Trainee: 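A single structure is presented below for examination.
Computed from a predicted model, the values in this text were never measured in an experiment.
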Amino acid sequence: QVQLVESGGGLVQAGGSLRLSCAASGSILNINAMDWYRQAPGKQRELVAASTSAGSTNYADSAKGRFTISRHNAKNTVYLQMISLKPEDTAVYYCRSTVTTTNYKFLEVWGQGTLVTVSS
């Protein structure tokens with residue numbers, strides 16, 4: 001099967017930076033979308049940044065100008081570079097990917113999440 005593993009979360013002070021990583025592994029033929037979502041306490045899950053294999057990106061307004069999503073396609077890895085972090089960025093960050101497997105199945109796969117805590 002296909003798995004996503006996130007890393008890079010932790011505790012950081014307001015104004016600081018973190019870099020999240022998500023690595024996909026398994027029987028992958030193609031990866032289309034690799035996205036980052038987050039869910040803060042008491043709030044719905046929201047899209048933070050999205051990317052396609054062709055290189056297009058999309059950001060939530062709250063992330064634009066502070067967060068950068070990038071991909072290393074050969075490593076099946078997506079990154080989220082976060083700067084100027086704010087307490088309201090505190091959330092569990094999830095990696096999401098859409099994948100075509102080697103046996104031609106289309107899957108939506110989620111990672112288990114990594115916690116980002118921004119203190120004031």
Side-chain angles (χ1 to χ4, degrees):
Q1 67 176 99
V2 177
Q3 294 181 336
L4 303 177
V5 179
E6 300 110 329
S7 62
L11 176 64
V12 65
Q13 290 186 327
S17 302
L18 282 175
R19 187 180 189 236
L20 307 182
S21 300
C22 172
S25 62
S27 301
I28 299 168
L29 181 63
N30 296 305
I31 300 178
N32 186 20
M34 293 194 82
D35 309 327
W36 288 98
Y37 287 74
R38 69 186 181 189
Q39 187 164 19
K43 296 184 178 180
Q44 292 187 254
R45 185 171 58 191
E46 63 177 351
L47 178 68
V48 178
S51 71
T52 70
S53 60
S56 64
T57 59
N58 188 42
Y59 297 92
D61 287 341
S62 61
K64 197 171 298 181
R66 298 188 300 123
F67 295 3
T68 302
I69 188 170
S70 60
R71 289 169 65 162
H72 194 307
N73 289 326
K75 295 181 178 180
N76 292 335
T77 301
V78 64
Y79 306 93
L80 186 67
Q81 179 67 54
M82 305 184 292
I83 65 171
S84 301
L85 284 162
K86 305 173 182 179
E88 51 262 43
D89 295 319
T90 295
V92 177
Y93 284 71
Y94 297 93
C95 181
R96 170 195 176 268
S97 180
T98 56
V99 177
T100 301
T101 66
T102 53
N103 59 348
Y104 308 106
K105 295 180 179 178
F106 182 79
L107 302 178
E108 182 185 51
V109 186
W110 289 85
Q112 292 185 328
T114 185
L115 177 63
V116 172
T117 303
V118 184
S119 65
S120 59

Trainee: Report, as yes or no, whether the 6.0 Å neighbourhood of atom OH on Y104 holds more than 12 heavy atoms from other residues, nucleotides or ligands.
Mentor: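 Incorrect, the count does not exceed 12.
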
Trainee: In Å and rounded to the nearest 0.5 Å, what is the OG to CD distance from S25 to Q1?
Mentor: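 If I round to the nearest 0.5 Å, the distance is 9.0 Å.
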
Trainee: Taking all atoms of both residues into account, what is the closest heavy-atom pair of L4 and A24, and its distance?
Mentor: CD2-CB, 3.4 Å

Trainee: If you look only at distance, which donor and acceptor atoms sit under 3.5 Å apart when one is on a side chain in residues 111-120 and the other is two or more places apart or in another chain?
Mentor:
| from | atom 1 | to | atom 2 | distance (Å) |
| --- | --- | --- | --- | --- |
| T114 | OG1 | G9 | N | 3.2 |

Trainee: Measuring from atom OG1 of T77 to atom CE of M34, what distance do you get when rounded to the nearest 0.5 angstrom?
Mentor: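 Between T77 OG1 and M34 CE, I get 6.5 Å after rounding to 0.5 Å.
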
Trainee: Do V2 and Y37 sit in one hydrophobic cluster, given that two such residues count as connected whenever their side-chain heavy atoms are within less than 4.5 Å of each other, even indirectly?
Mentor: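 No, separate clusters.
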
Trainee: Do the side chains of V92 and W36 join up, straight or via other hydrophobic residues, at under 4.5 Å, putting them in one cluster?
Mentor: no

Trainee: Do the side chains of L20 and M82 get nearer than 4.5 Å, heavy atoms only?
Mentor: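 Touching, per the 4.5 Å side-chain cut-off.
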
Trainee: Are Y94 and L47 connected in a single hydrophobic cluster, I mean Ile/Leu/Val/Met/Phe/Trp/Tyr linked by side-chain heavy atoms less than 4.5 Å apart?
Mentor: yes

Trainee: Indicate, with yes or no, if V78 and L107 share a hydrophobic cluster defined by side-chain heavy-atom contacts under 4.5 Å among Ile, Leu, Val, Met, Phe, Trp and Tyr.
Mentor: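 Same hydrophobic cluster.
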
Trainee: Can you find a pair of side-chain heavy atoms, one from F67 and one from L18, that are under 4.5 Å apart?
Mentor: no

Trainee: State whether the side chain of T98 and the backbone N or O of A33 hold a donor-acceptor pair below 3.5 Å, judged by distance alone.
Mentor: yes

Trainee: With sequence neighbours left out, what residues match Q44 under side-chain hydrogen bond (donor to acceptor under 3.5 Å, both in side chains)?
Mentor: none

Trainee: Got a second to check how far T52's OG1 is from N58's CG, nearest 0.5 Å?
Mentor: 10.5 Å

Trainee: Kindly indicate whether the side chain of S53, heavy atoms from C-beta on, has any atom under 4.5 Å from the side chain of I31.
Mentor: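 S53 vs I31: side chains apart.
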
Trainee: Going from OH on Y79 to CZ on R19, what distance comes out if it is rounded to the nearest 0.5 angstrom?
Mentor: 5.5 Å

Trainee: How about E88: does its CD atom have over 12 heavy atoms from other parts shown lying under 6.0 Å from it?
Mentor: yes

Trainee: Examine distances only and state if a side-chain atom of N30 and a backbone atom of V99 form a donor-acceptor pair shorter than 3.5 Å.
Mentor: no

Trainee: If you round to the nearest 0.5 Å, how far is OG of S21 from NE2 of H72?
Mentor: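 If I round to the nearest 0.5 Å, the distance is 11.5 Å.
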
Trainee: So which pairs with a foot in residues 46-72 pass salt bridge (Lys or Arg N to Asp or Glu O under 4.0 Å), sequence neighbours left out?
Mentor: R38-E46, D61-K64, R66-D89

Trainee: Do I83 and L80 share a hydrophobic cluster (ILVMFWY, side-chain heavy atoms under 4.5 Å, transitive)?
Mentor: no

